[in-house]
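Okay, so here's the structure we're looking at.
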Amino acid sequence: MQQLTARTTFVTIGIVLLCASAVLYVTDRYGAANRVVAVVAPLQSLTGSKQLVENPSDAYRVWKSAGFTGRTVLFISDRWESFDPGELIPAQLFRAYPLQLYNTAKLLEDDHLNGTTFVYVASMNKIIRTIVALLPEDEVKRLADTARKSKFYKISDRGVWLSRQGVSRWYTTGSKFSRVEEPVLLYVGASYFKKYEPSELYRQLIQSGQRTDCLILCNERGKDTVTPREIAKLAEFGRLVGVAVGG
């Protein structure tokens, strides 16, 4: 009887994993087939959208106004900030009648858009479907430890893959980054330059051959790891990629 129970449990787990993989694959393929892309070019010859913004929420507004959908974002910053999306859902959703109907994606955009949530809000509003985060080595190691507590993850010498809220996430470092085959929405935060030099990141991105149609440099004003030094380095990186930055 115990052997039968164990076998049944094993089969059930296998079915759950298979179904989860199938859902993720179908979601990714659907997003790829329906993505909106502008003029694509390698970083060194990009003539499309290149903007400097003050806050991460401004990056979200750029993506939305451009009409991007179903995209992959290449997120470059000093850390990946996690939060519990459940804490953002209003308690009224769980109250008895009369029910109030909410558009959750719109609610998050209107009431909870900030430097921590902007990528999540973009995924909820179908702007992005996949996240590739290029982070410092110690941050990737921290995320590897966190991933081990999840059901669906893979850890290799090139980084950490994780699926959360139906969105595929890949965490890696600049030295291990390899090109995403499709063009990306490229976001570079000033905090990344606390540990790395602009010329180093520029070289890594050029060598990867990564293509993009939207580059956003973000000063990340108010972030505790950003000082005028990091903002100046972001401006230096901007000059390397042809973004006019004052000062």
Side-chain angles (χ1 to χ4, degrees), residues 36-69 71-81 109 112-123 125 127-128 130-136 139 173-174 177 179-180 182-247:
V36 173
V37 181
V39 179
V40 177
L43 188 60
Q44 68 270 33
S45 57
L46 175 63
T47 58
S49 177
K50 296 184 287 188
Q51 297 192 43
L52 173 70
V53 301
E54 291 299 305
N55 302 294
S57 53
D58 297 327
Y60 171 85
R61 296 184 181 98
V62 170
W63 297 335
K64 183 178 180 181
S65 64
F68 292 126
T69 60
R71 298 297 303 275
T72 292
V73 61
L74 176 53
F75 171 90
I76 303 176
S77 189
D78 71 329
R79 65 178 182 250
W80 180 262
E81 298 187 81
E109 179 185 303
H112 301 289
L113 180 63
N114 56 49
T116 299
T117 65
F118 77 107
V119 174
Y120 175 72
V121 175
S123 68
N125 282 278
I127 294 172
I128 65 173
T130 306
I131 300 165
V132 179
L134 197 158
L135 305 162
E139 177 68 354
T173 64
F177 173 72
R179 180 180 65 189
V180 180
E182 65 183 78
V184 299
L185 302 178
L186 179 54
Y187 170 92
V188 182
S191 61
Y192 184 77
F193 300 113
K194 195 149 193 91
K195 295 184 177 180
Y196 300 98
E197 294 301 316
S199 58
E200 181 181 12
L201 176 61
Y202 179 74
R203 174 182 56 78
Q204 290 166 341
L205 292 175
I206 295 300
Q207 287 182 346
S208 74
Q210 183 60 60
R211 298 176 302 147
T212 181
D213 56 342
C214 179
L215 167 63
I216 294 180
L217 308 182
C218 184
N219 282 328
E220 296 182 314
R221 294 283 185 183
K223 193 171 183 177
D224 58 1
T225 51
V226 174
T227 69
R229 176 177 174 271
E230 285 71 50
I231 291 177
K233 286 191 173 185
L234 180 68
E236 182 182 339
F237 180 80
R239 288 187 284 273
L240 290 173
V241 297
V243 178
V245 180

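The salt bridge (Lys or Arg N to Asp or Glu O under 4.0 Å) check on R61 picks up D58, with sequence neighbours excluded. Looking at residues two or more places apart in sequence or on another chain, you find a ring pair (Phe, Tyr, Trp, His ring centres under 6.0 Å) between F237 and F193. Residues meeting the side-chain hydrogen bond (donor to acceptor under 3.5 Å, both in side chains) test with K64, sequence neighbours left out: E109. By the salt bridge (Lys or Arg N to Asp or Glu O under 4.0 Å) test, E200 is found to be paired with no residue, residues two or more places apart in sequence or in another chain being considered. For the side-chain hydrogen bond (donor to acceptor under 3.5 Å, both in side chains) test, residues two or more places apart in sequence or in another chain that qualify with T173 are S175. Every residue meeting the side-chain hydrogen bond (donor to acceptor under 3.5 Å, both in side chains) condition with E230, not counting sequence neighbours, appears here in chain and number order: T227. Remark: Y187 pairs with F75, F118 by the ring pair (Phe, Tyr, Trp, His ring centres under 6.0 Å) rule, at least two apart or across chains. Every residue meeting the salt bridge (Lys or Arg N to Asp or Glu O under 4.0 Å) condition with R221, not counting sequence neighbours, appears here in chain and number order: E54. Partners of Y196 under the ring pair (Phe, Tyr, Trp, His ring centres under 6.0 Å) rule, at least two apart in sequence or in another chain, are Y192. Remark: S191 engages S77, D78, E220, K223 in a side-chain hydrogen bond (donor to acceptor under 3.5 Å, both in side chains) (not counting sequence neighbours). For K233, the salt bridge (Lys or Arg N to Asp or Glu O under 4.0 Å) test picks out E197, with sequence neighbours left out.
With a 4.5 Å cut-off on side-chain heavy atoms, L185 and D213 count as touching. I216 places a side-chain heavy atom less than 4.5 Å from the side chain of V62. The closest side-chain heavy-atom distance from V226 to L234 is not below 4.5 Å. In this structure, V119 and I128 have side chains that are in contact, with non-hydrogen atoms separated by less than 4.5 Å. Using a 4.5 Å heavy-atom cutoff, the side chains of R71 and W63 are not in contact.
Closest approach of S208 to F177, counting heavy atoms only: OG-CE2, 3.5 Å.
Judged by distance alone, with hydrogens and angles left aside, the side-chain atoms of T212 form a donor-acceptor pair with the main-chain N or O of V184 at under 3.5 Å.
Pairs engaging residues 197-227 under the ring-ring contact (aromatic ring centres under 6.0 Å, His included) rule: none recorded [sequence neighbours left out].
No option in L186, V188, L215 other than L186 meets the side chain to side chain contact (heavy atoms under 4.5 Å, CB included) test with L74.
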Original post:
Taking it one step at a time, do R79 and T225 satisfy side-chain contact (heavy atoms from CB on, under 4.5 Å)?
Top reply: CA-CA 10 Å; R79 65 178 182 250; T225 51; 3.4 Å; yes
Note to self: For a side-chain contact (heavy atoms from CB on, under 4.5 Å) check, start with the C-alpha distance between I76 and L205, then their side-chain angles and the critical distance, and finish with the verdict.
What the structure shows: CA-CA 11 Å; I76 303 176; L205 292 175; 4.3 Å; yes
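Here the CG-CG distance, from L52 to L217, works out to 6.0 Å after rounding to the nearest 0.5 Å. Once rounded to the nearest 0.5 Å, the distance linking NZ of K195 with CG of L135 reads 10.5 Å. A distance of 9.0 Å separates CZ of R211 from CD of E182, quoted to the nearest 0.5 Å. Distance check, rounded to the nearest 0.5 Å: CH2 of W80 to CG of L134 gives 12.5 Å.
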